[in-house]
Protein chains: 2
Amino acid sequence: MQLSDAEWIVMNLIWDSQPTEASEVIAALGSENGWSGATVKTMLHRLVKKGALHTESVGKKYRYTAAVRRSDCVRRASRSFLERVFGGDAAPALLHLVRTSKLSDSELAELRELLDAKSSKNKESKE
Amino acid sequence: MQLSDAEWIVMNLIWDSQPTEASEVIAALGSENGWSGATVKTMLHRLVKKGALHTESVGKKYRYTAAVRRSDCVRRASRSFLERVFGGDAAPALLHLVRTSKLSDSELAELRELLDAKSSKNKESKE
DNA sequence: GTAAACAGTTTACGTCTGTAAACGCATCGG
DNA sequence: CCGATGCGTTTACAGACGTAAACTGTTTAC
């Protein structure tokens, strides 16, 4: 499920507050991004058509829900980003991101923990 | 300097082996990506037009060199990726990438070092 | 020197994107 | 009951993208 820039904006909103009605999306993105209602409607329609969203008309109300999991889209987008910018090599990407990002102490700690967990897994598979 | 997928492929090649002649790019990307020579020529032309590449005709030979720094493009692409997929928040992105990537011991070590350096910098600024 | 090869420029064309108006149908308020 | 409002659908349109052929001028090999 390849999402464009604008589509990510819509999907992020819907993932965050499902199920969502058109009016909410229009209200949120209209003021936040300066999109006209017509534009938002087009995005929603296209996302439904490409299978990223799902509409249910419960009673007389229409609601949008995500039809694809955010994690899948994130995975796909990350892979594509790594591929195009870093030739698929995660390590330089990570180094770059760490260098150029502000990270709080707790975030740093969490990352360090993950790295430690990964190291021990490396050791295991070596044995 | 917003680069498209295909443009990244060309730019990566040229950054790696500057200066480059059209024939080399065509040879490399033709076999590697299955692009026709005509396609490569179009890409080169567009990249020159948008200011990402620079042509010099030294004597009777034409050579392409990058007119933008890779690091700038990487920064821009990373920011855009973070923005669209993780709402601009680096920490979750890093966690995701670490979780889903294979990293060697030395890469893990290097990352850990960077994190440590960042921690101490955090402390400094607090004092 | 004439044809083949090569390089850059033009033109082409279908698809995707961002942005939006217009249309048609249902519903709601008066 | 009738017009305003809300929502989904259709249509629109310019610019970017991927892909590539055609054209033109130059260089090179026979």
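Per chain, numbering begins at 1; letters A, B, ... match sequence-line order.
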Undergrad: Any side-chain heavy atom of A:Ser78 within less than 4.5 Å of one from B:Phe81?
TA: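 SC-SC contact between A:Ser78 and B:Phe81 confirmed.
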Undergrad: Applying a 4.0 Å non-hydrogen cut-off, can you work out what B:Ser36 is touching in the nucleic acid: base, sugar-phosphate, or nothing?
TA: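 The answer is sugar-phosphate, as B:Ser36 gets under 4.0 Å only of primed atoms, P, OP1 or OP2.
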Undergrad: Rounded to whole Å, please give me the gap between CZ in B:Arg63 and P in C:dA7.
TA: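 In whole Å, C:dA7 P lies 14 Å from B:Arg63 CZ.
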Undergrad: Mind listing the closest non-hydrogen atom pair of B:Leu53 and B:Tyr64 along with its distance?
TA: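 Between these two residues, the closest heavy atoms are CD1-CD2, 4.0 Å.
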Undergrad: Near B:His54 NE2, under 6.0 Å, is it more than 12 heavy atoms from other residues, nucleotides or ligands?
TA: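 No - once you tally the heavy atoms of other residues, nucleotides and ligands closer than 6.0 Å, there are 12 at most.
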Undergrad: With side chains defined as the heavy atoms from C-beta onward, is the minimum distance between B:Leu103 and A:Leu94 less than 4.5 Å?
TA: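 The answer is yes; the side chains approach within 4.5 Å.
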Undergrad: I need the CG-P distance between B:Asn33 and D:dA20, as an integer number of Å.
TA: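 Rounded to the whole Å, the gap is 11 Å.
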Undergrad: To the nearest Å, give me how far apart CD1 (A:Ile26) and P (D:dT5) are.
TA: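 In whole Å, D:dT5 P and A:Ile26 CD1 are 15 Å from each other.
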Undergrad: Could you state the atom-to-atom distance from OH of A:Tyr62 to C1' of D:dG6 in whole Å?
TA: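 Nearest whole value for this atom pair: 9 Å.
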Undergrad: For the pair made of CG in A:Leu29 and C1' in C:dG18, what is the distance, rounded to whole Å?
TA: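 Taking CG of A:Leu29 and C1' of C:dG18, I get 14 Å after rounding.
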Undergrad: In this structure, are over 12 heavy atoms from other groups packed under 6.0 Å from B:Glu24 atom CD?
TA: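 Yes.
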Undergrad: How many whole angstroms separate atom NE2 of A:His54 from atom C1' of D:dG8?
TA: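 Whole-Å distance recorded here is 16 Å.
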Undergrad: Pull out every protein N or O sitting under 3.5 Å from an N or O of nucleotides 9-17 of chain D, one pair per line with the distance.
TA:
unit_1 : atom_1 : unit_2  : atom_2 : d
D:dT9  : OP2    : A:His45 : ND1    : 2.7

Undergrad: Answer yes or no: are there more than 12 heavy-atom neighbours, outside B:Arg70 itself, under 6.0 Å from its atom CZ?
TA: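 For B:Arg70, atom CZ is crowded (more than 12 foreign heavy atoms under 6.0 Å).
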Undergrad: Please report the distance, rounded to the nearest Å, between NZ in B:Lys49 and P in C:dT11.
TA: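 Value for this atom pair: 11 Å.
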Undergrad: Do A:Asp105 and A:Arg112 meet the salt-bridge criterion of a basic N to acidic O distance under 4.0 Å?
TA: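 A salt bridge is absent here (no side-chain N lies under 4.0 Å from a carboxylate O).
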Undergrad: Counting only side-chain N and O atoms of A:Trp35, is one of them less than 4.0 Å from OP1 or OP2 of C:dT19?
TA: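 Affirmative; the distance criterion is met.
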Undergrad: Would you kindly compare A:Gly34 and B:Thr55 by the position of their nearest DNA chain C nucleotide and give the one closer to the 5′ end?
TA: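 Of the two residues, B:Thr55 wins.
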Undergrad: What is the separation between atom CG on B:Leu47 and atom P on D:dG18, rounded to the nearest whole Å?
TA: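 The answer, rounded to whole Å, is 10 Å.
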